[in-house]
K.L.:
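Let me give you the structure first, and then I'll get to my questions.
A, B, ... follow the sequence lines: proteins, then strands. Residue 1 opens every chain. Not measured: the values here are computed from a predicted model. Values reported hereafter were calculated over all heavy atoms of this structure, with side chains retained and with hydrogens, waters and symmetry mates removed.
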2 protein chains.
Amino acid sequence: MVTQRKTSPSPAVEAVDTRYLETLMGYNARRAALSIIEVFMERMSVYGLKVVDFSVLSLVTHNPGITSRQLCSTLNILPPNLVGIIASMDRRGLIERRPHPSDGRAMGLHLTEAGLALMKDAEQTAADLESDATSRLSATERKTLIRLLQKIYL
Amino acid sequence: MVTQRKTSPSPAVEAVDTRYLETLMGYNARRAALSIIEVFMERMSVYGLKVVDFSVLSLVTHNPGITSRQLCSTLNILPPNLVGIIASMDRRGLIERRPHPSDGRAMGLHLTEAGLALMKDAEQTAADLESDATSRLSATERKTLIRLLQKIYL
DNA sequence: TATTGTTATACTCTATAACTATA
DNA sequence: TATAGTTATAGAGTATAACAATA
C-alpha cells in the first residue's frame with residue numbers, strides 16, 4: 001500500500017529543481033568562477049601562491065615598476081589588504097620594491113630573478129589549467145565566452 | 001630636456017597592461033561574477049537578504065519541503081554555515097521547519113505567506129537586475145553566455 | 001555504521017578608521 | 001588639500017572537529 005505517499009501533506013523533495021537559479025547570470029557566473037578557482041587554488045598551492053598572489057605577481061611581471069596603488073585599482077583590492085601580500089612576496093624574495101622614479105611616496109615593484117623563474121612555471125600551470133577547465137568548450141566557444149564575460153564587467 | 005626620462009632605469013607604469021590576465025577564464029569569470037554580485041548585494045539589502053540568503057529562499061520557494069542537507073549539497077555550502085541562515089529566516093517568519101515525512105532526523109523547509117510575498121518582490125528585483133547587468137548583451141548573447149558558463153561548472 | 005542537524009571554534013577574506021610622509 | 005602606503009581592527013565568509021538523534 002503506497003496510498004499514504006499520495007496523501008502526505010508535504011512530500012519529500014526527491015530531485016532538487018535548480019532551474020530558476022540557473023536562469024540568473026549572477027548565479028551561473030559565480031558557480032563557474034568558483035569551480036575554476038577551486039582547481040586554481042589547488043594547483044597554485046605548489047608555488048605557495050593564492051589566487052590574488054598570482055594576479056599580483058602576474059601584473060608585476062607584465063608591468064615592471066607598477067605601484068601598489070595601481071595594483072589595487074586594477075584588481076579591485078583595498079590598499080590595507082595588499083600590504084601583507086606585497087610584504088610576503090618581498091620576504092620570499094620574489095619581488096623588489098624600488099623607489100618610484102617620479103613620486104617619492106610610491107614604490108615601484110619589480111620581479112626578482114627568483115620571482116621570474118617562479119612565474120614562468122606558474123603561468124605554465126595556469127595555461128594547463130585553462131585547457132582543463134574549458135575542456136568541454138571548443139576554441140571558438142572559449143573565445144566567445146571570454147568576450148561575453150568582458151562585456152559584463154569591463 | 002627630457003633625456004632623463006629615456007635613460008631612467010625603471011620608468012613609471014603609465015597604463016596598466018592587463019592583457020595577460022584577460023586571457024584567463026578564471027580571471028574573467030571571477031571579475032564578471034563579482035561585478036554582478038556587487039549590484040545584487042546592494043539591491044537585495046532592501047529585503048535584508050544576502051546573496052546566499054536569496055539562493056536558499058529561492059530553492060525553498062521552488063522546492064517546498066527541501067532539507068538542509070539538500071540545500072547544502074546543491075549550493076555547495078557546509079552544513080554548519082547553513083544553520084545560522086536557516087535560523088535567521090525562521091526567526092524572521094519567512095520559512096517554517098516541519099518534520100520530514102519519512103526521515104525523522106531531517107526537517108522539511110517551507111515558505112510562509114510572508115516569505116512568499118517577500119520572494120515575489122525579491123525575484124522581481126533579481127529579474128530587473130539581470131537586464132541591467134547584461135544590458136550590453138543581446139538576448140542571443142545572454143543565452144549563449146549562460147549556456148557556456150554551465151558547460152564550465154555543470 | 002552512516003547520516004542529519006547542530007555547537008563551538010578557527011581561519012581566511014574583506015572593509016573601515018586613522019596615521020605618516022610626500023605631492 | 002589630496003594621495004601612497006601603512007597599521008590596527010572589525011566584520012563577513014568559509015572551514016574543521018565533535019556531538020546527539022535517527023537511519
K.L.:
Using salt bridge (charged side-chain N to carboxylate O under 4.0 Å, His left out), reason through D53(A) and R92(A) one step at a time and then give a plain yes or no.
P.N.:
CA-CA 12 Å; D53(A) 298 337; R92(A) 290 176 60 185; 5.6 Å; no
K.L.:
Rounded to whole angstrom units, what separation is found between the NE2 atom of H100(B) and the P atom of dG5(C)?
P.N.:
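One finds 8 Å between P of dG5(C) and NE2 of H100(B), rounded.
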K.L.:
Using whole Å, what does the distance between atom P of nucleotide dC13(C) and atom CD1 of I37(B) come to?
P.N.:
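Result: 17 Å.
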K.L.:
So does D103(B) pair up with R69(B), basic N to acidic O under 4.0 Å?
P.N.:
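Salt bridge: no.
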K.L.:
Considering only side-chain heavy atoms of P80(B), which listed nucleotide, dT4(C), dT6(C), dT6(D), is closest?
P.N.:
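For the P80(B) side chain, the nearest candidate turns out to be dT6(C).
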K.L.:
Closer than 4.0 Å, any side-chain N/O of R97(A) to the OP1 or OP2 of dT6(D)?
P.N.:
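The answer is yes; a side-chain N or O of R97(A) sits under 4.0 Å from OP1 or OP2.
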K.L.:
Tell me the interatomic distance from L71(A), atom CG, to dG5(D), atom P, rounded to whole angstroms.
P.N.:
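Distance check: L71(A) CG to dG5(D) P gives 9 Å.
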K.L.:
On DNA chain C, nearest-nucleotide positions of I86(B) versus D103(A): which is more 5'?
P.N.:
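First, find each residue's nearest nucleotide; the 5'-ward one identifies I86(B).
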K.L.:
Taking atom C1' of dG5(C) as reference, at what distance in whole Å does atom CG of L109(B) sit?
P.N.:
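Going from L109(B) (CG) to dG5(C) (C1'), I get 11 Å.
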K.L.:
If you assign R30(A) and M107(A) each to the DNA chain D nucleotide with the nearest heavy atom, which residue ends up on the more 5' nucleotide?
P.N.:
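Looking at DNA chain D, the more 5' nearest nucleotide goes with M107(A).
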K.L.:
Calculate the interatomic distance between L78(B) atom CG and dA8(C) atom P; express it in whole Å.
P.N.:
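Distance check: L78(B) CG to dA8(C) P gives 18 Å.
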K.L.:
In plain terms, say whether R31(B) and E22(B) are close enough for a salt bridge, that is, a side-chain N and a carboxylate O under 4.0 Å apart.
P.N.:
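Answer for the salt bridge query: no.
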K.L.:
Return no unless some side-chain N or O of R69(B) is found under 4.0 Å from OP1 or OP2 of dA2(C).
P.N.:
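False: R69(B) side-chain N/O out of range (4.0 Å or more) of dA2(C) OP1/OP2.
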K.L.:
Under 4.0 Å: is that the gap between some side-chain N or O of R105(B) and OP1 or OP2 of dT4(C)?
P.N.:
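Answer is no, no contact under 4.0 Å.
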K.L.:
Between atom CG in L82(A) and atom C1' in dG5(D), what is the gap in whole Å?
P.N.:
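My rounded result for the distance is 10 Å.
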K.L.:
Check every atom of dT7(C), dT14(C), dG5(D) against the side chain of A106(A) and return the nucleotide holding the closest atom.
P.N.:
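From the listed options, dG5(D) comes nearest.
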K.L.:
Quick check: on DNA chain C, is the nucleotide nearest S102(A) upstream (toward 5') of the one nearest M41(A), or the reverse? Name the residue that is more 5'.
P.N.:
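Closest to the 5' end, via its nearest nucleotide, is M41(A).
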K.L.:
Send over the distance from I85(A) CD1 to dT12(C) C1', rounded to a whole Å.
P.N.:
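In whole Å, dT12(C) C1' and I85(A) CD1 are 12 Å from each other.
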K.L.:
Mind telling me whether Y20(B) and H62(A) have parallel, tilted or perpendicular rings, with 30° and 60° as the class edges?
P.N.:
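H62(A) and Y20(B): parallel rings.
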K.L.:
Is a side-chain donor-acceptor pair under 3.5 Å present for T74(A) with Q70(A)?
P.N.:
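Side-chain D/A pair, Q70(A) to T74(A): absent.
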K.L.:
If you check every side-chain atom of V83(A), which of dT6(D), dT16(C), dT14(D) has the closest atom?
P.N.:
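The closest nucleotide is dT6(D).
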K.L.:
In this structure, how many angstroms lie between the P atom of dA12(D) and the CD atom of E38(B), rounded?
P.N.:
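Distance check: E38(B) CD to dA12(D) P gives 17 Å.
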